[in-house]
Amino acid sequence: MLTLNINGQERQLDVPEDMPILWALRDVAQMTGTKFGCGMAQCGACTIHLDGQPIRSCVTPVSAAVGKKLTTIEQMSNDPVGQAVQSAWQELDVVQCGFCQSGQIMAATALLSQNKSPTDADIDTAMSGNICRCGTYPRIRAAIHHAAEKLA
Amino acid sequence: MEIKNISRRTFLKTSAFIAGGLVIAFAIPHAKRFMNKAPADGDTQNFTPNAFLHIGNDDTITVLLAHSEMGQGIWTTLPMLIAEELDVELKRIRIEHAPAAPVYAHTAYGLQITGGSTTTWSEFDRYRQAGAMSRTLLVMAAAKRLGVSPEQCRTENGIVIVGDQRLTYGELADDAAKLEAPAEVPLRNPSQWKIIGKATKRLDSREKIDGSAIFGQDIQFEGLKTAVVARSPYFKGKLKSFDDTAAKQVPGVIKIVEIPTGIAVVADNFWAARQGRDALKIEWDVGPNANLDSEQMFADFRQMASGKGAVASAAGRPDSAFNQASKTIKAEYTVPYLAHSPMEPLNCTVKISKDSCDIWTGTQAPGLEQAAAAAILGMKPEQVNIHTPFLGGGFGRRGNPATDCVSEATHVAKAAGMPVKTIWTREDDVKGGYYRPMNLHQVKIALDAAGNPLAWQHTCVGQSIMTGTPFEAYMIKDGVDATSVEGVADSPYIKATPNHLVDLHTPKIDVPVLWWRSVGHSQNAFIMESLIDEMAHAAGRDPLEYRRHLLKDHPRHLAALNLAAEKASWGSPLPAGVFRGLAVHESFGSYVAEVAEVSVVNGKVKVHRVVCAIDCGLVVNPESLAAQMESGIVFGLSAALSGKISLKNGQIEQTNFNNYPVLRMSQMPKVEVHVVPSTDKMGGAGEPATPPIAPAVTNAIFAATGKRIRTLPITDQLA
């Protein structure tokens, strides 16, 4: 039994230490907002925050999260930067199939939490680990700039 | 169109979703069906009563979608059609995917399927009529209750108003349900439209940005287990023997079962199932395809191309006309297999009960999945309930007539004797077949003294997609699968060439193929629009002017071409090192032109900007149209730059996004979308932006470097 702090709550989970955080969240904690896309840190659909830093939860074992704070997409409506990102996403009508968007929003929120006015190059660096097959990239870029303006 | 007003009693008997109120259903209009026969066992003539629109006596308004939302935005577009005629604000409408039932058959295809960029135009009348019929009945009910004539009533956002009296639709729903439906209802004149044609934001946005949207992968309930399947690494390979001793030791593994496609490891969670699969020791009978090799397959295709194929289009004297050629162009083009790789890997949840089965899967073809599962379980189709959550991308992969994912998951749940969610890993998806076919074309074109095409010989070699599908009888004629040659045999360039021959060779290979966003157009536009560019350069003419000349009798091609050229300032100076390329192509009834601005530095291609113009006729939601153009361009650009599935020693060489790369943010060009104002016939939006992007980019590469790209992907050809 491991204790994980997920979105500010202590959760006791009966999982092996090498289980990736992704599957502990999805299959054990029953929080399905974080998605499985590739299983090898290639697509970013599983992006969450570990002590505020964006990580790929599909390759990070639960043992790495003990004593630290995990934040997932389910928490973004309670995060001021997350809220700004979400409302920019809605204003610019970003989503299509939506499957990658939890990860995109987690990556964008981490970027804007650390960089109040990212350049296009900053966005390329922060967001190129998150694949979108529907091609929402131009709207994601515009929405990040939009959210930055709102937060300023 | 026959319209039936289903009574509450009938509705309660046939649907589990809500009780009470007014339900609007339709029979399938036979005149519009072109299928020789519907593939499902269900008799489409005696439809199961069901609903497109339900108005509850609690004022809820629910729209059921006969099509699947996979990103293309029909979750918004179809409700817009109903809201327009029903006279309610969009935000009041609840939306659900329809279950699998014959009543939801595609108005043109005759079976319940989302594909071919058809949803908006094929539902344009049916969904508006559902709204109009409902509003008419609600007005009739109000008039009756208040003792006035329907003409004295008006409606406003879900309320019927007579003088100073106001009745909500909910208050009238039960009365309206008892009325006889009129045979016909008038639809609003386009000049009165308040919703159709207005840029409208998506109705599925909120749930997709807070993690609450449910995809197939997210289905969970008490007692549900997860399976991962070990499948043969060779197509048509078979299981010889296996040892599951170690797999059984993995904590969380519950059961290991043999199924027709391999061995399923059933566990408490995905992680345990995958570790269990990794621990299996399996010996495969490699079967007949252990030596498949892409290079050898292309060599075989080349050999086939030297013979005579099935004729797809012919005119004049395609051989002897070459004697009068002023110039002759000979070229060979090739494209590889491509995987769809939707962001959500395939998955399917199956729960089998004594007399029924529930299936949750993101599918483009609920009726086909239902029929397949029913056959496996020895049930009638109506005993199998298909629940369609959001699709995490589809691009054709989730509308597979072979129902590979659902059939396998049904076998897993049946063999395991418990409810199981079968999840494919990314590797399973990339290696699992059902690709866009690899193709080889050999072309010889004679130009006259002015540089115009005089004769055109075009030989296509590629597997048939439609063979074995419900569309086979309609789509394959005289040995020619129409999708193999679409955009070639019916090309305005070839049709205008007085002497031409398009023929097709259809190799039979055990690598399963499937429609991939834009189907045959995905390679054929690349080849045709590259050839036109080759011809323009051979003729010493500007590629835009040359196309304008050849397309002079094709006003919709021209309108898109001219708009894109104008918005891209074709011919004006660009920054140093940046060059333009152009392409225009009709597919799925829409006409799209794209201008790409590209630089090549140290062998690396950078696409800076794409200007896109489309004529798709009437536009229901301009916001969604623009998104689909952006989407189609990104999808096509991924494939053009780096998309390649190849075989070596019988096995697929690619596994995941590390070696099957797709476009990322840092590679994303600026995209501008312009719409040709048009009241012409409606076309599609989901696919038509994909075909022109590859040739627009490769034509720009030619302008930049003088190198003609005749093989996709571009990858390292410029290094």
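Below, read A as the first sequence line, B as the second, and so on, with proteins coming before strands; counting in each chain starts at 1. The figures here come from the full heavy-atom set of this structure, side chains too, leaving out hydrogens, waters and symmetry mates.
- No side-chain heavy atom of B:D210 sits under 4.5 Å from any side-chain heavy atom of A:I73.
- If you measure heavy-atom distances from A:I131 to chain B, the contacts under 4.5 Å come from both the backbone and the side chain.
- The 12-atom threshold is not exceeded at NZ of A:K69, counting heavy atoms of other residues, nucleotides or ligands nearer than 6.0 Å.
- In this structure, chain A has heavy atoms under 4.5 Å from both the backbone and the side chain of B:S341.
- Checked by atom type and distance alone, the side chain of A:Y137 pairs as donor or acceptor with a backbone atom of B:L663 at under 3.5 Å.
- For B:A213, the part lying under 4.5 angstrom from a heavy atom of chain A is the backbone only.
- For the pair A:P138/B:M668, a side-chain contact is recorded, criterion being any heavy-atom separation below 4.5 Å from C-beta on.
- With a 4.5 Å cut-off on side-chain heavy atoms, B:M665 and A:N130 do not count as touching.
- No side-chain donor-acceptor contact under 3.5 Å links A:R133 to the backbone of B:F395.
- For chain A, the nearby part of B:I423 is the side chain; its heavy atoms alone come within less than 4.5 Å.
- Taking A:G135, A:G33, A:A45 one by one and counting their heavy-atom pairs under 4.5 Å with chain B, the maximum is reached by A:G135.
- Proximity to chain A (any heavy atom under 4.5 Å) is shown, for B:T76, by neither the backbone nor the side chain.
- Considering only heavy-atom pairs separated by less than 4.5 Å from chain B, the leading option among A:V15, A:L22, A:T32 is A:T32.
- Comparing A:T72, A:V94, A:I140, A:D18 by heavy-atom pairs within less than 4.5 Å of chain B, the highest count is held by A:D18.
- Relative ring orientation between A:F99 and B:F215 is described as perpendicular, the plane-to-plane angle rising above 60° on a 0-90° scale split at 30° and 60°.
- Here A:R139 pairs with B:E623 in a salt bridge; the nearest charged N to carboxylate O distance falls below 4.0 Å.
- Proximity of B:F270 to A:D27: side-chain heavy atoms (C-beta onward) are separated by under 4.5 Å at one or more points.
- With a threshold of 4.5 angstrom between heavy atoms, A:M127 approaches chain B through its backbone and through its side chain.
- Contacts between B:Q275 and chain A at a heavy-atom distance below 4.5 Å involve the side chain alone, from C-beta outward.
- The neighbour count for A:K68 NZ, taken as heavy atoms of other residues, nucleotides or ligands under 6.0 Å away, does not exceed 12.
- The closest side-chain donor-acceptor pair between B:T226 and A:R26, if any, does not fall under 3.5 angstrom.
- A:F36 is listed as a side-chain neighbour of B:P345, based on a closest heavy-atom distance under 4.5 Å.
- With a 4.5 Å cut-off on non-hydrogen atoms, A:D120 does not touch chain B at all.
- Side chain of A:Q96 to main chain of B:Q72: no donor-acceptor pair is present (N/O by atom type, distance under 3.5 Å, no hydrogens or angles).
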Verdict with supporting geometry, B:E630 and A:C134, side-chain contact (heavy atoms from CB on, under 4.5 Å): CA-CA 8 Å; B:E630 294 160 14; A:C134 298; over 6 Å; no
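- No more than 12 heavy atoms of other residues, nucleotides or ligands lie within 6.0 Å of NZ in A:K150, so this atom counts as exposed by the packing criterion.
- Of the atoms belonging to B:M343, heavy atoms from both backbone and side chain fall under 4.5 Å from chain A.
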Steps toward side-chain contact (heavy atoms from CB on, under 4.5 Å) verdict (A:M40, B:N658): CA-CA 9 Å; A:M40 57 181 295; B:N658 58 324; 3.7 Å; yes
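- Checked against B:D218 for a side chain to side chain contact (heavy atoms under 4.5 Å, CB included), the options A:M31, A:Q30, A:K35 give a single hit: A:K35.
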A:S77 and B:R206: CA distance, side-chain angles, deciding distance, side-chain contact (heavy atoms from CB on, under 4.5 Å) verdict: CA-CA 11 Å; A:S77 307; B:R206 184 69 222 176; 3.1 Å; yes
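- Interface remark: B:S638 contributes side-chain atoms only to the contact with chain A (heavy atom separation under 4.5 Å).
- No other option in B:S631, B:S624, B:P669, B:G392 has as many heavy-atom pairs under 4.5 Å with chain A as B:S631.
- Neither the backbone nor the side chain of B:A689 has a heavy atom closer than 4.5 Å to any heavy atom of chain A.
- In this structure, chain A has a heavy atom under 4.5 Å from the side chain of B:Q220, while its backbone stays farther away.
- Counting heavy atoms from C-beta outward, A:W89 and B:S205 have side chains that stay 4.5 Å or more apart.
- With chain A as the partner, the residue from B:N269, B:L391, B:V634, B:N656 showing the most heavy-atom pairs under 4.5 Å is B:N656.
- Options A:Q75, A:R141, A:Q104 differ in how many heavy-atom pairs under 4.5 Å they form with chain B, and the most are formed by A:R141.
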